[in-house]
Amino acid sequence: MFHQQALRRLSRSAIDETFINPVLPGFNPDPSFVRVGRDYFLTTSSFEYTPGAPIYHSTDLIQWTLIGHALTRKSQLDIKAPEPGGGVWACTLRHHDGCFYLTTCVWDKYRPQASEERAWPRGFYVKTKDIWDSDSWSDPVYFDQPGFDQDLFWDTDGKVYLSTTHQKVNRDPDSKLKNFAVHVCEVDMETGNSLSKATLIRESTVGNGVSEGSHIFKKGDYYYLFTAEGGTEDGHSECVFRSKTGPLGPWEECPQNPVLRNTTDEEVQNVGHCDLIEDVDGRWFAVCLAVRPIKTDSGWLPSNFGRETFLQLVTWTEDGWPRFNAGKPLAIKCTARGLYVYDQPKRWRDNFESSQLQPGWYRKNTPLKAHADSSLTERAGYLRLYGGPYKLTSPASPTALFRKQLHRQCVWKTQLSFQPGSSSNAEAGTCIYMNYFTCSSIGVRGHADGRRRIHFTPADADAISVELETNDADVVLFIECQEMHYRFGFEEAAGGDKRGGSARIKWVGEIAMSAMVAEPPIGMQFTGMMLGLYAFADMQRSLVPADFAFAEVM
């Protein structure tokens with residue numbers, strides 16, 4: 001606690017009113033938050049990764065700490081092999097009568113390229129009275145209403161309303177729009193059953209005809225409906241409506257709609273999907289998703305971070321409408337009294353000396369056998385992986401652990417002990433991973449002659465092999481992250497200690513950022529770049545363990 005307080009004091013700017021976005025860098029889309037007393041809790045979408053629905057905590061809206069996840073058990077979340085962009089979408093976090101509720105849905109099949117192949121999910125909620133304990137979240141209670149971007153609103157009369165987005169039932173078959181609209185119904189929270197017919201309360205003709213990310217609030221005499229419209233790409237925006245009648249409307253549209261929209265001329269783009277709170281001092285703030293594309297001579301390159309969490313001040317006009325960021329485009333540098341500049345730490349390291357991984361490690365999909373292919377106790381001070389039958393390019397769950405890339409320029413480093421012998425199908429190493437179509441790796445692989453080789457596999461070219469000088473030394477693997485490319489290298493460790501050796505790094509190859517942020521052929525790119533440790537044996541389990549001494553960002 002003393003360290004956190006000291007760090008906060010050292011991070012404050014002299015003016016004490018400027019802050020830097022994103023407040024949650026890296027893959028953290030669709031944020032939703034609540035305030036309970038002086039504490040703020042926030043969740044974001046997790047898509048194909050487990051555990052799902054990360055929970056962050058803050059006391060000042062600037063520094064956020066990952067404290068756990070709401071979806072940690074197979075009984076809560078069982079993701080098989082979705083296309084990129086499938087899995088857990090747009091969690092909403094709410095607090096009512098001493099209990100935290102998290103609503104979401106899981107896409108098992110998401111193919112926007114062939115809309116008739118979509119399997120529309122049924123939303124659900126989980127709840128807990130102790131948000132600090134990830135194991136305390138309940139099993140899901142499923143709703144009747146299908147769709148995505150679920151939101152719960154408790155009215156003053158005790159009724160609970162579920163809003164969700166799905167395609168209009170009675171839509172024009174010749175329409176060129178997606179016709180994704182917000183629907184609301186009353187629900188029984190014990191069973192999740194609908195108590196009323198779903199009412200369409202907002203459809204949009206903006207851009208591609210999508211109204212989503214709905215949140216309903218009550219402030220003063222008005223009910224407010226916030227929606228994200230135009231799709232989550234460069235037409236993304238936020239709109240607001242209000243009603244004196246109730247959550248079913250009728251709704252009056254804000255004359256300034258969209259109340260939040262950045263253009264493709266801005267350094268921050270695709271803004272929207274807002275959630276609002278009132279802070280401890282009575283001021284209003286919103287979190288939203290946005291992207292930081294990479295500027296090139298020929299235009300913008302998609303961000304390797306995907307969609308991140310941004311913060312902004314919200315004020316209210318005399319006639320009762322919200323105003324975001326003083327009416328200015330959302331930017332990286334913003335101002336709000338009492339907030340401050342905080343530089344996200346770049347250096348991070350996990351020495352694997354605990355019986356549990358540090359928070360922030362993820363698996364792709366839900367492993368069939370939880371913890372069966374990894375151990376922190378079999379070899380003290382090491383993460384041991386037993387390579388499974390699936391490669392990184394498989395839609396199934398590979399034996400791999402991932403962390404979100406948070407900084408454009410950094411070095412990801414690990415030290416590996418792995419002796420696969422003559423098994424040319426066994427490999428272990430480190431990677432950058434966007435999805436199973438787009439990943440690049442560098443690892444140690446066996447060979448029929450018994451000599452180990454470094455195996456570099458870029459996402460867009462043939463693999464490169466380099467024979468190692470020794471057959472038993474640890475190997476230190478490097479991924480140098482730059483703005484326009486990633487570079488892969490290795491060195492053979494001296495003596496097998498955890499310092500990573502002293503020889504010069506041998507760089508094997510690189511891959512362009514443009515290749516790593518390419519759109520997948522199916523699904524959608526809704527996540528961000530992950531840095532990973534992996535092992536596989538190609539259609540069988542490896543009987544030779546891969547031991548990782550540490551993982552480090554510097």
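These figures come from a predicted structure and were not determined experimentally. In what follows, every heavy atom counts, from backbone to side chain, and hydrogens, waters and symmetry copies are set aside. Sequential numbering from 1 along the given sequence is applied to the chain's residues.
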Hey, can you tell me if Phe27 and Phe47 have their rings parallel, tilted or perpendicular (30° and 60° cut-offs)?
-> tilted
Is a side-chain N or O of His407 found less than 3.5 angstrom from the main chain of Pro345, in a donor-acceptor match?
-> yes
Euclidean distance, Asp151 CG relative to Ile216 CD1, rounded to 0.5 Å = 6.0 Å
Report the C-alpha distance between Arg363 and Asn365 in whole Å, list the side-chain angles of each, state the deciding distance to 0.1 Å, and finish with yes or no for side-chain hydrogen bond (donor to acceptor under 3.5 Å, both in side chains).
-> CA-CA 6 Å; Arg363 298 291 299 258; Asn365 305 348; over 6 Å; no
Do the ring planes of Tyr110 and Phe526 sit parallel (below 30°), tilted (30 to 60°) or perpendicular (above 60°)?
-> tilted
State, with a plain yes or no, whether a side-chain heavy atom of Trp89 is found less than 4.5 Å away from one of Asp30.
-> no
Mind running salt bridge (charged side-chain N to carboxylate O under 4.0 Å, His left out) on Arg73 and Asp135 for me, showing each step along the way?
-> CA-CA 8 Å; Arg73 305 186 298 274; Asp135 295 332; 5.6 Å; no
Looking at Asp139 and Lys74, does any basic side-chain N land under 4.0 Å from a carboxylate oxygen?
-> no
Steps toward side-chain hydrogen bond (donor to acceptor under 3.5 Å, both in side chains) verdict (Ser58, Asp60) | CA-CA 6 Å; Ser58 178; Asp60 60 11; 3.2 Å; yes
dist Leu162:CG -> Phe153:CZ (nearest 0.5 Å) comes out at 13.0 Å
Residue pair Leu71, Thr104: steps toward the side-chain contact (heavy atoms from CB on, under 4.5 Å) verdict | CA-CA 10 Å; Leu71 305 174; Thr104 190; 4.3 Å; yes
Taking the six-membered ring for Trp, is the centroid-to-centroid distance between Phe41 and His57 below 6.0 Å?
-> yes
Heavy-atom neighbours of Lys129 NZ exceed 12 at 6.0 Å = no
Is it possible for you to check whether Lys218 lies under 6.0 Å from the centre of the six-membered ring of Tyr223, through NZ or CZ, and within 45° of that ring's axis?
-> yes
State whether a side-chain donor-acceptor pair under 3.5 Å links Trp412 with Thr430.
-> yes
Measure across Leu339 and Leu311 and return the closest heavy-atom pair with its distance rounded to 0.1 Å.
-> CD1-CD2, 4.0 Å
Between Val206 and Glu229, the two heavy atoms sitting closest are CG2-OE1, 4.0 Å
Flag the pair Ile432 / Asn304 as yes when at least one side-chain heavy-atom distance between them is below 4.5 Å, and no otherwise.
-> no
Please state whether the rings of Trp361 and Phe352 are parallel, tilted or perpendicular, taking 30° and 60° as the class boundaries.
-> tilted
Is there a side-chain contact between Glu252 and Lys244, using heavy atoms and a 4.5 Å cut-off?
-> no
Is the closest side-chain donor-acceptor distance between Thr309 and Asn28 under 3.5 Å?
-> no
Side chains of Thr527 and Gln525: do they bring a donor and an acceptor to under 3.5 Å?
-> yes
Has Arg403 got its NZ or CZ under 6.0 Å from the middle of the six-membered ring of Trp348, at an angle within 45 degrees of the ring axis?
-> yes
Kindly indicate whether a cation-pi arrangement holds for Arg242 with Tyr222, taking the cut-offs as under 6.0 Å to the six-membered ring centre and within 45° of the axis.
-> yes
Starting at CH2 of Trp251, measure out to SG of Cys239 and round the result to the nearest 0.5 Å.
-> 13.5 Å
So Thr50 and Thr366, side-chain hydrogen bond (donor to acceptor under 3.5 Å, both in side chains) or not? Walk me through it.
-> CA-CA 6 Å; Thr50 58; Thr366 305; 4.7 Å; no
Are the aromatic rings of Phe402 and Tyr362 close, with centres under 6.0 Å apart?
-> no
Determine whether the side chains of Thr317 and Asp319 contain a donor N or O and an acceptor N or O closer than 3.5 Å.
-> yes
State whether the side chain of Asn325 and the backbone N or O of Pro329 hold a donor-acceptor pair below 3.5 Å, judged by distance alone.
-> yes
4.5 Å side-chain heavy-atom contact, Ser32 and Leu93 | yes
Partner of Phe217 under ring pair (Phe, Tyr, Trp, His ring centres under 6.0 Å), picked from Tyr161, Trp154, Phe226, is Phe226
If we ignore angles and hydrogens, is there a donor and acceptor under 3.5 Å between the side chains of Ser214 and Thr227?
-> no
When every non-hydrogen atom of Arg202 is compared with those of Ser211, the smallest separation belongs to CG-OG, 3.2 Å
Can you find a heavy atom in the side chain of Thr103 that is under 4.5 Å from one in the side chain of Val126?
-> no
When you look at Arg283 and Asp279, which way does the salt bridge (charged side-chain N to carboxylate O under 4.0 Å, His left out) test go after all the steps?
-> CA-CA 5 Å; Arg283 296 179 302 170; Asp279 77 355; 3.3 Å; yes
With Gln145 as partner, the option from His183, Arg122, His166 fulfilling side-chain hydrogen bond (donor to acceptor under 3.5 Å, both in side chains) is His166
So, for Val271 and Arg261, which heavy atoms are closest and what is the spacing to 0.1 Å?
-> CG2-CA, 3.9 Å
Parallel, tilted or perpendicular, as decided by the 30° and 60° cut-offs, for the rings of Trp107 and Phe148 | tilted
Would you call Asn270 and Asn262 a side-chain contact if the rule is heavy atoms closer than 4.5 Å?
-> no
To the nearest 0.5 Å, how far apart are SG in Cys288 and CD in Glu308?
-> 11.0 Å
Taking the side chain as every heavy atom from C-beta outward, state whether Phe100 and Lys127 have any atom pair closer than 4.5 Å.
-> no
Among Arg292, Gln269, Arg408, find the residue that satisfies the side-chain hydrogen bond (donor to acceptor under 3.5 Å, both in side chains) test when tested with Ser303.
-> Arg408
Locate the shortest heavy-atom distance separating Gln405 from Cys481; write the atom from each residue and the value.
-> NE2-CB, 3.7 Å
Please report the C-alpha distance between Glu552 and Arg347 in whole Å, then the side-chain angles of each, then the deciding distance to 0.1 Å, and finally whether the salt bridge (charged side-chain N to carboxylate O under 4.0 Å, His left out) criterion is met.
-> CA-CA 7 Å; Glu552 182 178 25; Arg347 298 195 68 93; 3.2 Å; yes
So, for Trp316 and Trp321, is the gap between ring centers shorter than 6.0 Å?
-> no
Minimum-distance pair of heavy atoms, taken over all atoms of Ala53 and Cys91 | CB-SG, 3.8 Å
At what distance, to the nearest 0.5 angstrom, does OG1 of Thr164 lie from CZ of Phe180?
-> 11.5 Å
What's the spacing between Phe310 CZ and Ile20 CD1 if we round to 0.5 Å?
-> 11.0 Å
Val314 side chain reached by Leu276 side chain, heavy atoms, under 4.5 Å = yes
Could you tell me whether the side chain of Ser354 and the main chain of Gln356 form a donor-acceptor pair under 3.5 Å?
-> yes
Answer yes if the side chains of Arg307 and His236 hold a donor-acceptor pair under 3.5 Å, and no otherwise.
-> no
